[in-house]
Amino acid sequence: GPEHGIIGWDCILPEFQGKGYGKAQMFEVLRRLKQDGFQKAFVRTGEHPFFIRAQKMYLACGFQEHKRNPTGDQPGYGTVEYIIEL
């Protein structure tokens, strides 16, 4: 199988944020990837301050910042890529 998995959108509705659902969801995804033989997982979010909660959640789940991808001439609108060893 593939060496790494890429995790897509993992949104939690605003009224359910801050209750641990995002972390629980992420840990389940990571568990399944590991179970299926993946060695690493990647996830990406925006670098704009709007996405700080997502950035903190990824770090709290054990991800490490891997790379920043700036976009054009608008600072803060690039993406941040995170990686975790499974």
Side-chain angles (χ1 to χ4, degrees):
E3 178 182 301
H4 68 272
I6 299 171
I7 300 169
W9 300 105
D10 60 329
C11 300
I12 300 295
L13 292 171
E15 61 266 28
F16 297 105
Q17 292 177 1
K19 299 179 181 182
Y21 296 122
K23 283 184 191 175
Q25 173 181 266
M26 184 57 62
F27 286 134
E28 178 62 18
V29 169
L30 295 174
R31 184 192 70 75
R32 291 180 186 201
L33 288 172
K34 186 174 183 175
Q35 176 183 305
D36 289 345
F38 290 86
Q39 297 173 13
K40 299 176 187 175
F42 290 89
V43 68
R44 182 181 300 142
T45 191
E47 70 175 352
H48 187 274
F50 176 82
F51 298 102
I52 287 176
R53 289 182 77 161
Q55 295 168 9
K56 288 181 179 181
M57 193 267 302
Y58 296 136
L59 293 171
C61 288
F63 284 87
Q64 295 180 343
E65 186 174 320
H66 176 64
K67 163 169 91 168
R68 288 187 178 251
N69 303 303
T71 53
D73 58 351
Q74 295 183 338
Y77 285 91
T79 59
V80 184
E81 191 173 285
Y82 296 88
I83 186 172
I84 190 170
E85 300 278 336
L86 298 175

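Summarising the geometry, atom CG belonging to L30 is positioned 10.5 Å from atom CD belonging to Q25; distances are rounded to the nearest 0.5 Å. Summarising the geometry, atom CZ belonging to R31 is positioned 9.0 Å from atom CG belonging to D36; distances are rounded to the nearest 0.5 Å.
Under a 3.5 Å cut-off, the side chain of Q17 and the backbone N or O of I12 do form a donor-acceptor pair. A distance-only check finds no donor-acceptor pair linking the side chain of E65 to the backbone of Q55 [under 3.5 Å].
For the residue pair I83 and K40, the shortest heavy atom distance occurs at CD1-CD, 3.8 Å. Residues A41 and L33 approach most closely at CB-CD1, 3.9 Å, considering heavy atoms. Heavy-atom minimum distance, C61 versus K23: SG-CG, 3.8 Å.
In the hydrophobic clustering of ILVMFWY residues, with side-chain heavy atoms under 4.5 Å counting as a link, F38 and V29 come out together. Neither Y21 nor I7 shares a network with the other; the hydrophobic side chains, linked directly or stepwise wherever heavy atoms of I, L, V, M, F, W or Y lie under 4.5 Å apart, form separate groups for each. Linking Ile, Leu, Val, Met, Phe, Trp and Tyr whenever their side-chain heavy atoms come within less than 4.5 Å leaves I6 and V43 in two separate clusters. Linking ILVMFWY residues whenever their side-chain heavy atoms come closer than 4.5 Å, directly or via other members, places I84 and F27 in the same cluster. By the rule that hydrophobic residues join a cluster once side-chain heavy atoms approach within less than 4.5 Å of another member, F51 and M26 end up as members of separate clusters.
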#### Entry: Test side-chain contact (heavy atoms from CB on, under 4.5 Å) applied to M57 and D10, step by step
CA-CA 11 Å; M57 193 267 302; D10 60 329; 3.6 Å; yes

### Task
For side-chain contact (heavy atoms from CB on, under 4.5 Å), just list the numbers for T79 and T45, CA-CA rounded to whole Å, side-chain angles, deciding distance to a tenth of an Å, and then say yes or no.
CA-CA 6 Å; T79 59; T45 191; over 6 Å; no

### Query
Run the side-chain contact (heavy atoms from CB on, under 4.5 Å) check on E81 and F42 step by step: do they pass?
CA-CA 7 Å; E81 191 173 285; F42 290 89; 3.5 Å; yes

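Two rings, from H66 and Y82, have their centers 6.0 Å or more apart.
In the displayed structure, E28 atom CD is contacted under 6.0 Å by more than 12 heavy atoms of other residues, nucleotides or ligands.
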